[in-house]
Enquirer: 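Sharing a structure here in C-alpha cells format.
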Number of protein chains: 2
Amino acid sequence: MKKQKDTCETRLTDSSAVEHVVERLSGERELAGMAEMFKALAEPTRIKIIEALSLRELCVCDLSVVLGMSQSATSHQLRLLRHLGLVRFRKAGKVCYYSLDDDHVSELLSAVREHNLHKREK
Amino acid sequence: MKKQKDTCETRLTDSSAVEHVVERLSGERELAGMAEMFKALAEPTRIKIIEALSLRELCVCDLSVVLGMSQSATSHQLRLLRHLGLVRFRKAGKVCYYSLDDDHVSELLSAVREHNLHKREK
DNA sequence: CCTATATATGAATATATGTTCACGTGTGAA
DNA sequence: TTCACACGTGAACATATATTCATATATAGG
C-alpha cells in the first residue's frame, strides 16, 4: 500500500534549511495580527477612508459622499477600522465625527504608494 | 414625489470639506495598486512565505514543508507573489528555488510587526 | 409626542479568494 | 523509453467579506 502523501515525505532537499527557517518564523498569533493589519488596508475603499481621515476629521455622512458609497456601507467599514483601533470618533449631537487614531497607518500608505511609483517606472 | 436617496442630498454638513478631501485622494488606479500590494500581505500564509524567503532561498517542496501545507497550495500562492514581482525563482534541474525580489516588502513586515507589539502593551 | 435626520447593525446576497483535487509538463535516473 | 519526482495549473469547492436592504437607536426640533 503506497501512501503517496501530498507533502512528499521522501525528501531530498535541504532539511536543515527547513529547520533553520521554521525556528525563525513569527508565531501564529503574531502572524494573524500582522495579516489582520494588512487586511485592513487591502481594499481601495478603506485606503480611501484612511487617506481622507488623515487630511481631516469627517462625519459619516460627508465621508460616504467622499467615498461615493452608501452610509450603511461606510458605517460597516468604519466599524471594522474602529475595532482595529485605527480610527476614533466623537459624537456631536446627531453627527458622529471620525478621525485617525493611528499615525503609523498613513505612513504605511505612503511607503507603499512611493514603492509602487518606483516600480511602475521600471 | 419625495426622492429620499441613500446618500442624503440635503446636506447640512461641511460640503467644502468634502471637496477639499476629494481633490487630494489618490486616483482609482493608484488606489487599486496599493490595495493589491496590501492584499498580498493580508494572509498569514503569504507573510510566512515572505518571512521564510527573506531568510534564505528555498525550493517549493521545502517551502511547503515550512508552511505546513500542500505543494499545490504553495505553488498557487507563489504564482500570486510572482505576478506582483515580490519573488523570483531559478530552476536547477527539477527543483525550483524561490527568493525575495523586493526588499521593501520585508521592511513593511517589520514595520507592522513592531507596530503591533507596541500596541499590544497598551 | 411626533417627525426628520444621522448613524449603527443584523440578515441576506454577491463576489472574491484560498485550498484541494486531478492532471499535465519537464527533468533526471535506471 | 520508462519511471519517479518537482512543479504548475485549471476546475471545483469552501469560506471570507463587501455591499445592500430593512430596521433599530438616538437626538434635535416643532
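Note that these values count all heavy atoms, side chains included, but never hydrogens, waters or copies made by symmetry.
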Enquirer: Think S70(B) has a side-chain N or O under 4.0 angstrom from the OP1 or OP2 of dT20(C)?
Expert: yes

Enquirer: Would you mind telling me which residue lines up with the more 5' stretch of DNA chain D, K91(B) or K91(A), judged by nearest nucleotide?
Expert: K91(B)

Enquirer: With the side chain counted from C-beta on, respond yes when E51(A) and L109(A) share a heavy-atom pair under 4.5 Å apart, and no when they do not.
Expert: yes

Enquirer: Round to a whole Å and report the spacing from CD of Q71(A) to P of dT19(D).
Expert: 14 Å

Enquirer: Mind checking the OG-CG spacing from S64(B) to D62(B)? Nearest 0.5 Å is all I need.
Expert: 7.5 Å

Enquirer: Whole Å only: how far is the CG atom of L78(B) from the P atom of dG18(C)?
Expert: 13 Å

Enquirer: Side chains of F38(B) and I47(A): does their closest heavy-atom pair fall under 4.5 Å?
Expert: yes

Enquirer: Could you tell me whether the side chain of Q77(B) has a donor or acceptor atom within less than 3.5 Å of a complementary atom in the base of dG18(C)?
Expert: no

Enquirer: Would you indicate what T74(A) reaches in the nucleic acid, counting non-hydrogen atoms under 4.0 angstrom: base, sugar-phosphate, or nothing?
Expert: nothing

Enquirer: Tell me, do L81(B) and I50(B) make a side-chain contact under 4.5 Å, heavy atoms counted?
Expert: yes

Enquirer: Check the distance between dA16(D)'s P and E43(A)'s CD and give it to me in whole angstrom.
Expert: 16 Å

Enquirer: Taking OP1 and OP2 of dC7(D), is either one under 4.0 Å from a side-chain nitrogen or oxygen of R82(B)?
Expert: no

Enquirer: Please report the distance, rounded to the nearest Å, between CG in L81(A) and C1' in dT17(D).
Expert: 14 Å

Enquirer: Taking only side-chain nitrogens and oxygens of S64(B), does any of them come within less than 4.0 Å of OP1 or OP2 of dA6(D)?
Expert: no

Enquirer: What integer distance in Å separates L41(A):CG from dT17(D):P?
Expert: 14 Å

Enquirer: How close or far is atom P of dT7(C) from atom CG of L63(A), stated in whole angstroms?
Expert: 10 Å

Enquirer: For K48(B) and E28(A), what are the C-alpha separation, side-chain angles and deciding distance, and is it a salt bridge (charged side-chain N to carboxylate O under 4.0 Å, His left out)?
Expert: CA-CA 10 Å; K48(B) 258 191 192 172; E28(A) 294 297 332; 3.2 Å; yes

Enquirer: What nucleic acid atoms does L80(B) come within less than 4.0 Å of, heavy atoms only: base, sugar-phosphate, or nothing?
Expert: sugar-phosphate

Enquirer: Spell out yes or no: do the side chain of S72(B) and the base of dC21(C) have one donor N/O and one acceptor N/O closer than 3.5 Å?
Expert: yes

Enquirer: Could you tell me whether the side chain of H76(A) has a donor or acceptor atom within less than 3.5 Å of a complementary atom in the base of dT7(C)?
Expert: no

Enquirer: Distance check: side-chain N/O of R46(A) vs OP1/OP2 of dT17(D), anything under 4.0 Å?
Expert: no

Enquirer: Atom CG of L67(B) to atom P of dT20(C): distance rounded to whole Å?
Expert: 12 Å

Enquirer: Output the rounded distance in Å from CG (D62(B)) to P (dC5(D)).
Expert: 16 Å

Enquirer: Which part of the nucleic acid, if any, lies within reach of Y98(B) when heavy atoms closer than 4.0 Å are counted: base, sugar-phosphate only, or nothing?
Expert: sugar-phosphate

Enquirer: Considering only dA6(D), dT19(D), dG8(D), which nucleotide approaches the side chain of V95(B) most closely?
Expert: dA6(D)

Enquirer: Please determine, for the side chain of R79(B), which listed nucleotide (dT20(C), dG10(D), dT20(D)) has the closest atom?
Expert: dG10(D)

Enquirer: Applying the side-chain contact (heavy atoms from CB on, under 4.5 Å) test to L86(A), which of R46(A), H104(A), M37(A) qualifies?
Expert: M37(A)

Enquirer: Which listed nucleotide (dT7(C), dT27(C), dG10(C)) is nearest to the side chain of K94(B)?
Expert: dT27(C)

